[in-house]
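To start, the structure itself, in structure tokens.
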Amino acid sequence: QVQLEESGGGLVQAGGSLRLSCAASTRTFSLYAMGWFRQAPGKEREFVAAVSRSGGNTHLADSMKGRVTISRDNAKNLVYLQIDSLKPEDTAVYYCAAVLTYVTSNYYYQPGEYNYWGQGTQVTVSS
């Protein structure tokens with residue numbers, strides 16, 4: 001069982017930046033590919049970014065490319081999501097997710113591929 005806890009959300013003005021963090025409670029964090037998703041009110045959960053076990057491979061949503069970076073620190077059991085040039089349409093609850101994988105280079109971008117989810121952190125961008 002893996003518990004995930006997001007932090008770093010809040011209220012920010014358009015054009016600003018945020019770094020979200022996700023802490024994982026597992027001794028085998030390096031065996032999990034990680035992802036970030038978001039869900040705005042009345043909308044489906046959508047993929048934002050994913051990173052492989054080692055951090056060597058990443059995948060970003062097309063709509064976020066150029067504004068978002070995903071990274072991880074396996075020594076600290078943390079995964080990060082840096083979002084720059086925030087827009088009001090980025091307002092959503094951001095979720096961290098984990099999936100156990102034996103393929104070092106794999107990342108995943110479908111919500112159904114993930115086994116574990118955090119409770120989410122609210123990001124609100126004002127215009």
Would [X] end up clustered with [Y] when hydrophobic side chains under 4.5 Å apart are linked, directly or stepwise?
{"X": "Tyr114", "Y": "Leu81", "value": "no"}
{"X": "Val48", "Y": "Val99", "value": "no"}
{"X": "Val68", "Y": "Val93", "value": "no"}

Is there any ring pair (Phe, Tyr, Trp, His ring centres under 6.0 Å) pair reaching into residues 48-76, and which pairs are they, with sequence neighbours excluded?
->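 Residue pairs with at least one partner in residues 48-76: Phe47-His59, His59-Tyr107, His59-Tyr109.
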Would you give me the side-chain donor-acceptor pairs under 3.5 Å for residues 27-35, sequence neighbours excluded?
from  : atom 1 : to    : atom 2 : distance (Å)
Thr28 : OG1    : Thr26 : OG1    : 3.0

Name all pairs fulfilling the side-chain hydrogen bond (donor to acceptor under 3.5 Å, both in side chains) condition that reach into residues 86-102, sequence neighbours left out, sorted by first residue then second.
->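 Non-adjacent pairs meeting side-chain hydrogen bond (donor to acceptor under 3.5 Å, both in side chains): Arg38-Asp90, Arg38-Tyr94, Arg67-Asp90, Thr101-Tyr108.
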Would you check, one step at a time, whether the test side-chain contact (heavy atoms from CB on, under 4.5 Å) holds for Trp117 with Leu4?
-> CA-CA 6 Å; Trp117 293 84; Leu4 304 172; 5.5 Å; no
Test item: Glu6 side-chain N/O and Gln119 main-chain N/O as donor-acceptor pair under 3.5 Å |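 Here the side-chain-to-backbone pair exists.
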Is Asn77 reaching over with its side chain to a backbone N or O of Ala23, donor-acceptor style, under 3.5 angstrom?
->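 No, Asn77 side chain to Ala23 backbone: no donor-acceptor pair under 3.5 Å.
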Note, [X] side chain near [Y] side chain (heavy atom, < 4.5 Å):
{"X": "Asn57", "Y": "Val51", "value": "no"}
{"X": "Tyr116", "Y": "Gln3", "value": "no"}
{"X": "Phe37", "Y": "Cys96", "value": "no"}
{"X": "Thr121", "Y": "Ser7", "value": "no"}

What heavy-atom pair brings Val79 and Ser71 nearest, and what distance separates the two atoms?
->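 Heavy atoms only, the tightest pair is CG2-O, 3.1 Å.
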By side-chain hydrogen bond (donor to acceptor under 3.5 Å, both in side chains), which residues pair with Gln110, not counting sequence neighbours?
->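 Residues passing side-chain hydrogen bond (donor to acceptor under 3.5 Å, both in side chains) with Gln110: none at all.
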Would you mind writing out the side-chain donor-acceptor pairs for residues 11-22 within the sub-3.5 Å range, not counting sequence neighbours?
from  : atom 1 : to    : atom 2 : distance (Å)
Ser17 : OG     : Asp84 : OD1    : 2.9

Other than Tyr80, what residues sit in its cluster of Ile, Leu, Val, Met, Phe, Trp and Tyr side chains whose heavy atoms are under 4.5 Å apart, directly or through others?
->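 Listed partners: Leu78.
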